[in-house]
Protein chains: 2
Amino acid sequence: MARPDKRSDIVGAALQIIAEQGFHGAPMAMIADKAGVAAGTIYCYFESKDILIKELYREIEGKMLEALREDYQTERPIRERFLHLGTRLLKYFVAHPLDFKYMEQFHNSPYGAALRRGRFAKESNVSHLPYPELFELGVAQQVIKDLPEVVLFALAFGPMITLTRDHILGFIELDDPLIEKTIAACWDGIKR
Amino acid sequence: MARPDKRSDIVGAALQIIAEQGFHGAPMAMIADKAGVAAGTIYCYFESKDILIKELYREIEGKMLEALREDYQTERPIRERFLHLGTRLLKYFVAHPLDFKYMEQFHNSPYGAALRRGRFAKESNVSHLPYPELFELGVAQQVIKDLPEVVLFALAFGPMITLTRDHILGFIELDDPLIEKTIAACWDGIKR
DNA sequence: GCCCATTGAATGACCGTTCATTCAATATAA
DNA sequence: TTATATTGAATGAACGGTCATTCAATGGGC
């Protein structure tokens with residue numbers, strides 16, 4: 001009976017195909033094929049394509065948050081914490097381009113819309129980024145501009161997302177020094 | 001025989017449905033229905049769904065660039081020109097949310113990937129934003145950080161895109177003062 | 001009466017999902 | 001130990017539904 005963990009073969013195949021071709025470019029038959037199983041087998045592990053997609057999202061999100069929290073020190077100055085999180089995030093994206101592409105696909109789809117709505121309505125037991133607290137604190141300490149959280153978020157994240165996409169598309173080579181310069185520039189955008 | 005310009009009825013219906021539901025949530029039959037024509041009629045004006053989609057993109061891009069260039073004065077200081085373009089762009093997005101959503105759908109799809117590839121390879125006769133020149137000049141005058149054009153682009157555009165999405169989703173109300181504060185913060189990100 | 005824009009039912013391709021069937025591995029009986 | 005029964009993971013052909021596209025029929029304008 002073939003490979004020991006078909007489940008992760010399936011998840012891996014789904015990640016690769018969906019990241020590269022989008023949800024509609026990833027028929028179950030194709031995922032099954034790449035995973036080396038039959039189409040029906042996927043349904044032994046996942047109730048539906050929908051559930052496979054959401055599960056995969058949760059797995060990636062978990063890994064990302066773990067990477068972010070590693071070495072994160074709550075007692076350091078705001079600026080340093082921001083730089084830490086930013087560089088971590090950008091480095092994670094660069095190291096895991098498929099994860100990034102998958103998350104983009106997810107967010108730019110009905111799944112992402114539902115997620116956002118849930119988060120906004122605070123129905124979310126969803127694991128949150130450490131950012132909101134950091135911004136709130138920074139504003140209170142008058143280190144960060146007094147702008148709505150959503151705006152600060154956009155100023156900090158927007159560039160990372162755009163830039164990661166450019167990196168993956170090969171328009172630029174994001175090495176460590178450039179990542180640090182970029183995150184520093186993001187800080188200039190939000191700092192007072 | 002019904003309305004004088006079925007073509008623009010079709011384009012309008014396609015814009016609305018695709019912007020709100022994505023390409024796969026916009027069957028030709030549904031577009032036809034909303035436009036008040038039969039499915040077959042669309043093919044009198046557009047060879048295929050593909051071509052309809054690309055044409056619609058070009059129309060929107062044209063309107064956007066026009067809005068950007070309006071009142072744009074090449075002889076003003078770099079900073080003011082940047083603020084002008086930024087606020088114009090953000091205001092255009094806020095005033096035309098369907099256009100913004102459509103462009104997002106387009107960019108996050110195989111169409112967008114093809115477009116980017118084309119632009120990068122400079123095969124493009126495609127109309128360009130006035131940004132590259134502005135950044136180049138700013139760097140030369142030592143007003144803007146000495147970072148690759150792609151990075152500056154991300155620092156300036158990333159926040160606008162993220163924020164527009166949040167505005168459209170209702171997470172924040174982007175009025176004129178807030179738009180100006182935001183663009184000013186973007187400037188802080190790229191200025192020396 | 002002729003032309004041509006318009007119509008919408010029909011076509012064929014594609015896709016997610018189902019389920020009857022297979023068969024290697026394991027348990028049970030002798 | 002050997003023969004037999006049971007299990008359930010895995011399979012993949014088949015189903016039902018959706019969708020872009022086609023084209024023969026229609027009817028309004030000249």
If I take atom NZ in residue A/K49 and atom C1' in nucleotide D/dT18, what distance separates them, rounded to the nearest angstrom? 14 Å
Hey, can you pull the residues of residues 15-27 of chain A with a non-hydrogen atom under 4.0 angstrom from DNA chain C? A/A26, A/P27
Do any pairs count as a salt bridge (charged side-chain N to carboxylate O under 4.0 Å, His left out) and have a residue in residues 169-186 of chain B, sequence neighbours left out, and if so which ones? B/K91-B/D176, B/K91-B/E180
Can you list the residues that meet the ring-ring contact (aromatic ring centres under 6.0 Å, His included) rule with B/F93, with sequence neighbours excluded? B/F100
Nearest-Å distance for atom pair CE/P, residues A/M30 and C/dC15: 7 Å
Holding to ring-ring contact (aromatic ring centres under 6.0 Å, His included), I want the full list of residues that pass it with B/Y111, two or more places apart in sequence or in another chain. B/F23, B/F106
In this structure, how many angstroms lie between the C1' atom of D/dC19 and the CD1 atom of B/I42, rounded? 12 Å
Report the nucleotide, chosen from D/dA10, D/dT11, C/dT18, that has the shortest atom-to-atom distance to any side-chain atom of A/Y43. C/dT18
From the options C/dT17, C/dT7, D/dA10, select the nucleotide whose nearest atom is closest to the side chain of B/T41. C/dT7
Nearest-Å distance for atom pair CD1/C1', residues A/I10 and D/dA9: 11 Å
May I ask you to say whether B/D188 pairs ionically with A/K145, meaning some side-chain N is under 4.0 Å from a carboxylate O? yes
I want to check one thing: is the phosphate of C/dT6, taken as OP1 and OP2, less than 4.0 Å away from some side-chain N or O of B/Y45? yes
What is the distance, rounded to the nearest whole Å, between atom CZ of B/R7 and atom P of C/dA5? 15 Å
Between atom CD1 in B/I53 and atom P in D/dC19, what is the gap in whole Å? 14 Å
Among all residues two or more places apart in sequence or in another chain, which pass the ring-ring contact (aromatic ring centres under 6.0 Å, His included) test with B/F153? B/F157
Tell me, please, which residues at least two apart from B/H167 pass ring-ring contact (aromatic ring centres under 6.0 Å, His included). none
Any idea which of C/dT17, D/dA20, D/dA10 is nearest the A/S48 side chain? C/dT17
B/I31 has an atom CD1; how far is it from atom P of D/dT21, in whole Å? 11 Å
